[in-house]
Protein chains: 2
Amino acid sequence: MRLTTKGRYAVTAMLDLALHSHQGPTSLADISKRQEISLSYLEQLFAKLRKHELVSSVRGPGGGYKLSRESESIFIAEIIDAVNETIDATNCHGAGNCHKGDVCLTHHLWSDLSEQIHQFLSGISLADLVERNDIKAVADRQDAQERAQHEQVLAVIN
Amino acid sequence: MRLTTKGRYAVTAMLDLALHSHQGPTSLADISKRQEISLSYLEQLFAKLRKHELVSSVRGPGGGYKLSRESESIFIAEIIDAVNETIDATNCHGAGNCHKGDVCLTHHLWSDLSEQIHQFLSGISLADLVERNDIKAVADRQDAQERAQHEQVLAVIN
DNA sequence: TATATATCCGACTATTTTACTCAGATATTA
DNA sequence: TAATATCTGAGTAAAATAGTCGGATATATA
């Protein structure tokens, strides 16, 4: 099982999308700036998210990505599944042939753990995260930073 | 967060130790044969397990490793912690400085997930696993295989 | 219709981690 | 003293991660 930057980036980007969903499609360039994730890397991740029909794209100026469903019915487990192969903790990916063609000594333990993690992460939707106060606070801070940067750019130009 | 072969090997080896604890210290060579884990790799893992005082060693012939505590008070989370750095799912390892010196958008989610996994894995002791019927069945099968192999060796010698 | 903006796509690469191997030192029992 | 084991450190192949780079394609707008 893996939970690395890749899965975290994907969830972060999807949450950023959910937070800004009211203002039309969001470009990866915007997400890249706000969340400090390389644009090219985001493109790779969104190719996978699009294949799994979690987002849809609008090409051209003013375009970007939007959630392909309402945020209430997009669950964290789906996002991680889309970019990482799986959140399965067993070595045999559930096949049960991990030791000489049969289950290994600890197969059932990892199987239980996988179930536990999967239940936890598929019980949380993007909408749930958007509603959380601790996350709202972080989002507000990030938006304020973005506006401040924008004003600085304007000041330099004028 | 990672849960790969390394952590699984460590738990499997510790469980093997618990299952054979009544017959004195168990050599890594025995575990290597039963669980099909490379001896040299086991040596590396047990160096860490020993540093974390989960096992103690007896050198010389007839020696091997034994649990340094009773199996009731050795928990799976400890074993994984000992060989993997951590089972923390956050990028900042709990420090809260994952985004421009502050917490990132999804910090609290990963923090909650880590807590969830940690609670699950520290609620399970080696003794719990030894008592599980599905695991007993696997252990019995492995012991039977070992005896059969042993008899084959004897037959070849004689 | 030109231009800028954005998604799309594939190939390539540096770094890190995993999962080992190997050589040998050290301790202990018989 | 010989065999058995733990110990230790260094090295290494393969895989995954975390990107970069160059360019093609679609589309809104001036």
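Residue numbering restarts at 1 for every chain, and letters A, B, ... go by the order of the sequence lines. We use all heavy atoms of the structure for the numbers below, so side chains are in, but hydrogens, waters and symmetry mates are not.
Taking atom CD1 of residue A/I37 and atom P of nucleotide D/dT17, one finds them 16 Å apart after rounding to whole Å. Atom pair A/L45:CG and C/dG10:C1' shows a separation of 16 Å (rounding to whole Å applied). The separation between B/I31 atom CD1 and D/dA5 atom P is 12 Å, rounded to whole Å. Separating the NZ atom of A/K51 from the P atom of C/dC8 is a distance of 11 Å, rounded to the nearest angstrom. Across the protein-nucleic acid pair, B/R50 atom CZ and D/dA5 atom P stand 17 Å apart, rounded to whole Å. For A/K48 and C/dT7, the NZ to P distance is 18 Å, given to the nearest whole Å. D/dC7 atom C1' lies 14 Å from atom CG of B/L42, rounded to whole Å.
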**Request:** Sugar-phosphate means primed atoms, P, OP1 and OP2; the rest is base. With that split, encode nucleotides 19-29 of chain D 5' to 3' as B, S or - using protein heavy atoms under 4.0 Å.
**Result:** BBB---BBBB-

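Neither OP1 nor OP2 of D/dA18 sits under 4.0 Å from any side-chain N or O of A/K6. Residue B/R8 places none of its side-chain N or O atoms closer than 4.0 Å to OP1 or OP2 of C/dT18. Between B/T4 and C/dA19 there is a side-chain polar atom (N or O) within less than 4.0 angstrom of OP1 or OP2.
Proximity of residues 16-27 of chain B to DNA chain D (heavy atom under 4.0 angstrom from any strand atom) is restricted to B/S27.
Counting only distance, with no hydrogens or angles, the side chain of B/S32 and the backbone of B/L28 share no donor-acceptor pair below 3.5 Å.
Among the heavy atoms of the strands lying under 4.0 Å from B/Y65 are primed sugar atoms or P, OP1, OP2 only; no base atom is included.
In this structure, B/S27 has no side-chain hydrogen bond (donor to acceptor under 3.5 Å, both in side chains) partners at least two apart in sequence or on a different chain. Residues passing the side-chain hydrogen bond (donor to acceptor under 3.5 Å, both in side chains) test with A/Q44: none are found, sequence neighbours excluded. By the side-chain hydrogen bond (donor to acceptor under 3.5 Å, both in side chains) test, B/D143 is found to be paired with B/H20, residues two or more places apart in sequence or in another chain being considered. Every side-chain hydrogen bond (donor to acceptor under 3.5 Å, both in side chains) that B/T12 has, sequence neighbours left out, goes to A/T106.
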For residues 61-69 of chain B, run the donor-acceptor check on the side chains, cut-off 3.5 Å, and write out each pair with its distance to 0.1 Å, sequence neighbours left out.
from, atom 1, to, atom 2, distance (Å)
B/S68, OG, B/E53, O, 2.6
B/S68, OG, B/L54, O, 3.1
B/R69, NH1, B/S73, O, 2.7
B/R69, NH1, B/E78, OE2, 3.4
B/R69, NH2, B/E78, OE2, 3.1

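Here salt bridge (Lys or Arg N to Asp or Glu O under 4.0 Å) pairs that include residues 28-46 of chain A, with residues two or more places apart or in two chains, are A/D16-A/R34, A/R34-A/E146. Counting only residues at least two apart or in different chains, side-chain hydrogen bond (donor to acceptor under 3.5 Å, both in side chains) contacts with residues 124-141 of chain B comprise A/D102-B/R141, A/D112-B/R132, B/S125-B/D128, B/R132-B/D134.
Atom CD1 of B/I74 is separated from atom CE of B/M14 by 4.5 Å, given to the nearest 0.5 angstrom.
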